[in-house]
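Order of the sequence lines fixes the chain letters, A, B, ..., with proteins taken first and strands second; residue numbering starts at 1 for each chain.
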Amino acid sequence: EDQVTQSPEALRLQEGESSSLNCSYTVSGLRGLFWYRQDPGKGPEFLFTLYSAGEEKEKERLKATLTKKESFLHITAPKPEDSATYLCAVQPQYSTLTFGKGTMLLVSP
Amino acid sequence: NAGVTQTPKFQVLKTGQSMTLQCAQDMNHNSMYWYRQDPGMGLRLIYYSASEGTTDKGEVPNGYNVSRLNKREFSLRLESAAPSQTSVYFCASSRDFRELFFGEGSRLTVL
């Protein structure tokens, strides 16, 4: 059974305080690992797809990395507008996504 | 581009009532999905449609039916609503099992 575990459940940072969110997974034949951002009262917004171990992708203050067992979302010098829930999902070959429960990030000024 | 549009955004039902959530996408995607999101449970797949004319059960299909009306539209029906179906429902679409694009959600309360 495919499983996705995200940690921590919640994270509070000061503006400018860099940190990382973790997504550990077990899946039979990974086709892709996805990161989403979700603001309160909104639908998830796509951030990144990672396909193979060693791959990295960046967008503004966010960088996602992938190993064979986990993915990290690194947040460098976060700003209050980075506050959101970050969701990780894995996709087995030719199948649907399995989502983790998310990490709620709060960045204080 | 509107992307994925869901209606209604809010709905309150009494136990036993029926209703249909509507979803439309304008991205020419083949695949469409219905998820529910509950506190502490994450996003769970109810039904999906890999392409026009096909539908398949997801993780939590009981109590729901779906219709892929055409390539753009995918509806979710609750025939006899139960309090356990109180949730936020998200429709999503994708191009052939790639990244999902979500709607804004439909917040349903069943009393």
Looking at A:Lys101 and A:Glu9, does any basic side-chain N land under 4.0 Å from a carboxylate oxygen?
-> no

Most contacts with chain A, counted as non-hydrogen pairs under 4.5 angstrom, among B:Leu45, B:Leu100, B:Val88 | B:Leu100

Which region of A:Leu97, side chain (C-beta onward) or backbone (N, CA, C, O), has a non-hydrogen atom less than 4.5 Å from a non-hydrogen atom of chain B, or is it both or neither?
-> both

Engaged part of B:Gln37 at the chain A interface, taking heavy atoms whose separation is under 4.5 Å = side chain

Answer yes or no: are there more than 12 heavy-atom neighbours, outside B:Met19 itself, under 6.0 Å from its atom CE?
-> yes

Given B:Gly105, B:Ser31, B:Gly58, B:Gly40, the one with more heavy-atom pairs under 4.5 angstrom with chain A than any other is B:Gly40

Contact part of B:Leu43 toward chain A, heavy-atom cut-off under 4.5 Å: side chain, backbone, both or neither?
-> both

State whether B:Glu73 and B:Arg68 are salt-bridged, where the test is any N-O pair (Lys NZ or Arg NE/NH1/NH2 against Asp/Glu carboxylate O) under 4.0 Å.
-> no

Please assess A:Leu47 against A:Tyr86 for the test side-chain contact (heavy atoms from CB on, under 4.5 Å), listing each intermediate value before the final yes or no.
-> CA-CA 9 Å; A:Leu47 292 173; A:Tyr86 291 85; 3.9 Å; yes

Region of B:Arg44 in contact with chain A, defined by heavy-atom distances below 4.5 Å | neither

So, the part of A:Phe48 with a heavy atom under 4.5 Å from chain B: the answer is neither

Taking atom types as modelled and ignoring hydrogens, do the side chains of A:Thr96 and B:Tyr33 form a donor-acceptor contact shorter than 3.5 angstrom?
-> no

So, the part of A:Ser95 with a heavy atom under 4.5 Å from chain B: the answer is backbone

When you check the side-chain N and O atoms of A:Arg31 and A:Gln91, is any donor under 3.5 Å from an acceptor?
-> yes

